[in-house]
Amino acid sequence: MRPIQTPKTYRVKSFGCQMNVYDGDRMAELLAEQGIQPAADGEDADLVVLNTCHIREKAAEKVYSDIGRLKREDGSSPLIAVAGCVAQAEGEEIMARAPTVKMVVGPQAYHRLPEMIRAAADGHRVTDTDMPAETKFDVLPPRRRSGPTAFLTVQEGCDKFCTYCVVPYTRGAEVSRPYADLMDEAKRLIESGAREITLLGQNVNAWSGENGKGQGVGLEGLIRDLAAIPDLARIRYTTSHPNDMSRGLIAAHGEVEKLMPFLHLPVQAGNDRVLKAMNRSHTVESYLHILEHVRAVRPDIALSGDFIVGFPGETDAEFEETLKLVDTVRYAQCFSFKYSPRPGTPAATMENQLPLDVMDERLQRLQAALNRDQLAFNAASLGKTCMVLVERKGKHPGQWLGKSPWLQSVHFEGDAAVGDLVGVEITSAGPNSLGAILRQNCAA
Ligand code: SAH
Ligand code: SF4
Ligand code: F3S
């Protein structure tokens, strides 16, 4: 085997969910600790990590086309590592199909990247899709850099086994990270500039742990203790499962000021038979009941959800109930997908897989309803004042972009800086963003 030079520069490209973005950041930190530098914009990197997502079909296809696109004009390729959920699910296939890939590493094994790179530099092709007993979090370097908003993985894996979903197979069983480690990582993020932390988990509200006083606590306990850190301004969490939406967590929405008024609570479908076939273990009624309670303690809460249309056997009438649910809830924003059969999942072999044109039509109708509600939610902000956390510069000179408490993108002009929390008045509302004028800069 031909030895390859040890890489001097890297690029990490993350696809899929926010947890993958978090993992991508941690891999970048790990590579930096090894003395490998981030490649400058537009420049070739010696090492490229494709941090992949396996949730829907096209996601995996995209990986192969990305691998192809990495080929340089002279026919050579950078050192390519495929990480993430496609690596976990299809590691062997990737190695067989894409000879330029030298490393395949799963979501629970990426702390071993440095030794894999050394082996790859010696000319070996290495796969590590273990779900080792030692946790990557104990090995990864401490957080040292953060923008104004940061992700923090508190819980990983899923025991729910929805019949359509690959996540329980690619991420493994539900594991909660220890309370002390999370408080420590949060403090480091805040010291490095984070003003907002989004707690992440495949079922983030299934998190449980033992707090500093030795008491067993759920996610709301962690949220309350994080809220006590003076320099942290905002807390969010995602993604939650209806079955783990505890009374304590709902109550926190009414009591913890730093917990932002936004709840992403996927429902998937508006019909109980379909929900049962999906193994969702909640009903439309129990879902609506949760929303009612959350709205009671936090009337201005922005609601968000995920939907799948065209699950095997879904009838027209059953789909109509999804539209009815949307009309009832009036979401602020949502994600909606055509059902995609995933290898190894029970739904993939169910009878009555629906044709693409049926799914297309349903998705269009659903998205029209969701877009209508998103625009209405944004339009209702007109004339209101709210706080915006400034995340970055806008496209136009002097323009800033940030987020409202309800996770709307807001742009405005004026005297501000990244990381400021500013008071603005909303003056225009589009489907995807709000325009505002600066009223007061509290951080100045
Ligand atoms: N853990 C989260 C979601 C993880 S996946 C939860 O349970 O809510 C994100 C979303 O992708 C899901 O909510 C679902 O709407 C969608 N999804 C998952 N598997 C899918 C599939 N096979 N086809 C289409 N959409 C899917
Ligand atoms: Fe997938 Fe269901 Fe687990 Fe969410 S709860 S990650 S949709 S199996
Ligand atoms: Fe995708 Fe894995 Fe996240 S499949 S959605 S990257 S958990």
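Just so you know, ligand 1 is whichever comes first in the structure, and atom 1 is the first atom listed for that ligand.
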Suppose we measure from [atom] to each protein heavy atom; which comes out shortest, and what is that distance?
atom	value
atom 10 (C) of ligand 1	Asp306 OD2, 3.4 Å
atom 14 (C) of ligand 1	Gln268 OE1, 3.4 Å
atom 2 (Fe) of ligand 2	Cys162 SG, 2.2 Å
atom 1 (Fe) of ligand 3	Cys53 SG, 2.4 Å
atom 7 (O) of ligand 1	Arg280 NH1, 3.5 Å
atom 3 (Fe) of ligand 3	Cys17 SG, 2.3 Å
atom 24 (C) of ligand 1	Lys338 O, 3.3 Å
atom 5 (S) of ligand 1	Ile55 CD1, 3.5 Å
atom 4 (S) of ligand 3	His54 N, 3.2 Å
atom 4 (Fe) of ligand 2	Arg280 NH1, 4.4 Å

Short list, please: which atoms of ligand 2 are under 4.0 Å from a heavy atom of [X]?
X	result
Pro168	8 (S)
Asn203	5 (S)
His241	5 (S)
Phe161	8 (S)
Tyr164	7 (S)

Do [X] and [Y] make a side-chain contact, defined as non-hydrogen atoms from C-beta onward lying under 4.5 Å apart?
X	Y	result
Val267	His282	yes
Gln202	Met19	yes
Glu321	Leu325	no
Phe151	Val21	yes
Leu263	Met245	yes
Val105	Arg112	no
Arg188	Arg144	no
Asp25	Asp23	no

### Task
Compute the ring centroids of Phe161 and Tyr169, then answer whether they are less than 6.0 Å apart.
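Judged by ring-centre distance (under 6.0 Å), Phe161 and Tyr169 do meet the cut-off.
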
### Message
Taking the ring of Phe15 and the ring of His54, is the distance between their centroids below 6.0 Å?
### Response
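Ring-ring flag for His54/Phe15: false, centres at least 6.0 Å apart.
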
In terms of atom number and element, which parts of ligand 1 are under 4.0 angstrom from non-hydrogen atoms of [X]?
X	result
Gln202	1 (N), 2 (C)
Arg342	22 (N)
Pro266	8 (O)
Thr239	2 (C), 6 (C), 8 (O)

Could [X] and [Y] be counted as a cation-pi pair, given that NZ or CZ must be under 6.0 Å from the ring centre and within 45° of the axis?
X	Y	value
Arg330	Phe377	no
Arg342	Tyr164	no
Arg26	Tyr110	no

### Message
With no hydrogens and no angle check, just 3.5 Å: does a side-chain donor-acceptor pair link Asp244 and Trp207?
### Response
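There is no such pair (donor and acceptor under 3.5 Å, judged by atom type) between the side chains of Asp244 and Trp207.
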
Heavy-atom nearest option to [atom], drawn from [options]:
atom	options	value
atom 1 (Fe) of ligand 2	Ser240, Cys165, Pro242, Pro266	Cys165
atom 26 (C) of ligand 1	Thr345, Ile308, Val166, Val309	Ile308
atom 2 (Fe) of ligand 3	Gly16, Ala87, Gly157, Cys85	Cys85

#### Entry: Proximal atoms of ligand 3 relative to Asn20 (non-hydrogen, under 4.0 Å)
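Taking each heavy atom of Asn20 in turn, ligand 3 has 6 (S) under 4.0 Å.
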
### Query
Which ligand 3 atoms, with their elements, are less than 4.0 angstrom from a heavy-atom of Gln202?
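Contacts of ligand 3 toward Gln202, numbered from 1: 7 (S).
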
### Query
Where does the angle between the aromatic ring planes of His289 and His293 fall among parallel (under 30°), tilted (30 to 60°) and perpendicular (over 60°)?
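Ring orientation, 0 to 90° scale: perpendicular.
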
### Task
For the pair Tyr331 and Phe307, name the ring-plane relationship: parallel under 30°, tilted 30 to 60°, perpendicular over 60°.
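Ring orientation, 0 to 90° scale: perpendicular.
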
### Smallest separation among heavy atoms of Arg143 and Ser192, with atom names
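The answer is O-OG, 4.2 Å.
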
### Task
Using a 4.0 Å heavy-atom threshold (strictly under), name the region of Tyr164 that reaches ligand 1: side chain, backbone, both or neither.
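For Tyr164, the contact with ligand 1 is made by both the backbone and the side chain.
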
Does any N or O of ligand 1 fall below 3.5 Å from an N or O anywhere on [X], backbone included?
X	value
Arg56	yes
Ser340	yes
Ser240	no

### Query
Among the heavy atoms of Arg171, does any lie under 4.0 Å from an atom of ligand 3?
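Yes; Arg171 lies near enough to ligand 3 that a heavy-atom distance drops under 4.0 Å.
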
### Query
Which bit of Cys158 gets closer than 4.0 Å to ligand 2, counting heavy atoms only: side chain, backbone, both or neither?
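Side chain only.
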
